[in-house]
Amino acid sequence: EAPSIRRMRAGSFLAGCTAVAVLAVLFFFYRPSAGSDSPPTREAAAMLPSMAPGWEVESSSSLYQFSDILRTTDLAQVTYLRNRDGGVFQLTVYVAHWNAGDAPVSLVASHTPDACWPGAGWTLENGSQTRQTLEIDRHVLPPSEHRIFDNAARQVQQVWFWHIYDGRVINYRDPYSVPALISLALHYGFRREGPQYFVRISSNQSWDVLAAEPLVRQMFASFARVGLKP
């Protein structure tokens with residue numbers, strides 16, 4: 001195993017949310033569900049290839065400690081690693097899925113990298129909170145939220161994420177802003193009739209580099225089926 005990959009493994013890539021501050025906000029928006037009679041699903045894992053030619057593939061084994069907070073067990077996170085230009089090319093993809101009836105929109109919208117990553121030792125770079133319009137295979141995707149984080153080990157992560165409700169990408173809301181979440185709750189109410197997905201991509205590479213990778217194009221073909229499509 002190459003030393004560069006071992007060093008990258010030592011970095012802390014988030015398995016889920018650890019921020020506690022969000023929970024106070026959720027008190028106002030979350031009503032316990034009566035529960036769904038449908039069997040557990042594993043749609044999230046099915047979207048992320050477990051093998052990829054030329055890549056070392058590592059699946060997270062610690063995601064389910066966050067299931068009670070997130071109100072779903074359908075979670076998957078996979079990190080893809082390979083040597084490139086004397087360094088390591090790292091791509092981490094996280095997907096969470098809620099069946100219709102599992103959680104209100106406002107709860108899902110509260111668990112974003114802005115709220116969760118600082119609690120795991122990552123610092124948001126000033127001015128890096130932007131919305132970006134990306135292309136994949138010459139097709140324009142729904143706007144994504146883009147962030148740049150770094151940590152004490154001087155690792156830098158570019159992050160893109162989308163929240164999908166009932167087949168459509170919905171607008172981002174600040175998870176620390178009570179008025180923003182009130183606005184979201186008023187717009188969507190406590191709707192549970194549509195499935196939801198949260199897709200997050202983090203990498204030490206730019207989007208232009210990622211979009212040229214067959215692996216990334218393969219994943220976005222799966223994401224398109226649930227609403228993340230041009």
Side-chain angles (χ1 to χ4, degrees), residues 14-19 21-23 25-26 28-31 33 41 43-48 63 66-67 69-77 92-119 124 128-134 136 140-147 149 157-203 207 219-220 222-230:
L14 296 183
C17 287
T18 58
V22 194
L23 299 181
V25 175
L26 294 182
F28 296 99
F29 302 111
Y30 177 66
R31 295 176 182 173
S33 171
T41 57
E43 290 189 28
M47 295 185 198
L48 306 181
L63 288 174
F66 303 106
S67 291
I69 294 174
L70 296 175
R71 308 300 300 178
T72 181
T73 59
D74 195 0
L75 306 164
Q77 178 171 280
T92 301
V93 186
Y94 166 84
V95 178
H97 166 235
W98 292 260
N99 288 312
D102 283 350
V105 174
S106 55
L107 184 145
V108 177
S110 298
H111 293 280
T112 69
D114 293 355
C116 303
W117 282 46
L124 178 65
S128 72
Q129 291 176 291
T130 59
R131 180 170 294 177
Q132 291 188 351
T133 300
L134 308 173
I136 188 83
V140 177
L141 296 169
S144 75
E145 291 297 322
H146 176 246
R147 308 287 186 266
F149 289 87
Q157 290 287 285
Q158 295 210 46
V159 181
W160 299 266
F161 61 90
W162 298 261
H163 177 187
I164 304 158
Y165 170 75
D166 201 21
R168 299 182 66 181
V169 174
I170 66 175
N171 289 335
Y172 166 81
R173 293 293 189 274
D174 181 353
Y176 286 115
S177 168
V178 172
L181 291 181
I182 288 176
S183 174
L184 187 69
L186 289 175
H187 181 75
Y188 287 95
F190 292 93
R191 296 182 191 177
R192 301 174 183 273
E193 65 268 24
Q196 298 183 74
Y197 296 84
F198 190 88
V199 176
R200 186 197 75 217
I201 294 175
S202 54
S203 179
W207 182 260
M219 285 188 287
F220 270 86
S222 295
F223 299 156
R225 292 195 289 271
V226 301
L228 184 46
K229 57 187 176 181

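Treat the numbers as computed from the prediction; the structure is a model and nothing was measured.
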Separation of [Y] [atom2] from [X] [atom1] (nearest 0.5 Å):
X    : Y    : atom1 : atom2 : value
H97  : N99  : NE2   : CG    : 4.5 Å
W117 : R147 : CH2   : CZ    : 11.5 Å
L228 : Y197 : CG    : OH    : 11.5 Å
R200 : H111 : CZ    : NE2   : 13.5 Å
T72  : Q196 : OG1   : CD    : 10.0 Å
K229 : R168 : NZ    : CZ    : 10.5 Å

Check your understanding: Can you list the residues that meet the ring-ring contact (aromatic ring centres under 6.0 Å, His included) rule with F220, with sequence neighbours excluded?
Key ->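 Counting only residues at least two positions away or on another chain, F220 forms a ring-ring contact (aromatic ring centres under 6.0 Å, His included) with W162, W207, F223.
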
On a heavy-atom basis, which atom in [X] and which in [Y] lie closest, and how many Å separate them?
X    : Y    : result
G194 : D166 : CA-OD1, 3.9 Å
A103 : R71  : CB-CB, 4.4 Å
D74  : E43  : OD2-N, 3.0 Å
P113 : F149 : O-CZ, 3.8 Å
V95  : A44  : O-CB, 3.5 Å
V169 : I164 : CG2-CG1, 4.0 Å

Within a strict 4.5 Å, meaning less than it, do heavy atoms of the [X] and [Y] side chains meet?
X    : Y    : value
S202 : V159 : yes
S203 : T92  : no
L48  : Y94  : no
E145 : T112 : no

Review point. Counting distance only, does the side-chain N/O of W98 pair as donor-acceptor with the main-chain N or O of L70 below 3.5 Å?
Key: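 Side chain of W98 to backbone of L70: a pair is present.
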
Check your understanding: S110 side chain to S106 main-chain N or O, any donor-acceptor pair under 3.5 Å?
Key ->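 Yes; at least one donor-acceptor contact below 3.5 Å.
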
Review point. Does Q132 have any side chain to side chain contact (heavy atoms under 4.5 Å, CB included) partners at least two apart in sequence or in another chain, and if so, which?
Key: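 Here the qualifying residues are T130, L134, S144, H146, W160.
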
Exercise for review: Walk me through it: do M47 and V226 pass the test side chain to side chain contact (heavy atoms under 4.5 Å, CB included)?
Suggested key: CA-CA 10 Å; M47 295 185 198; V226 301; 3.5 Å; yes

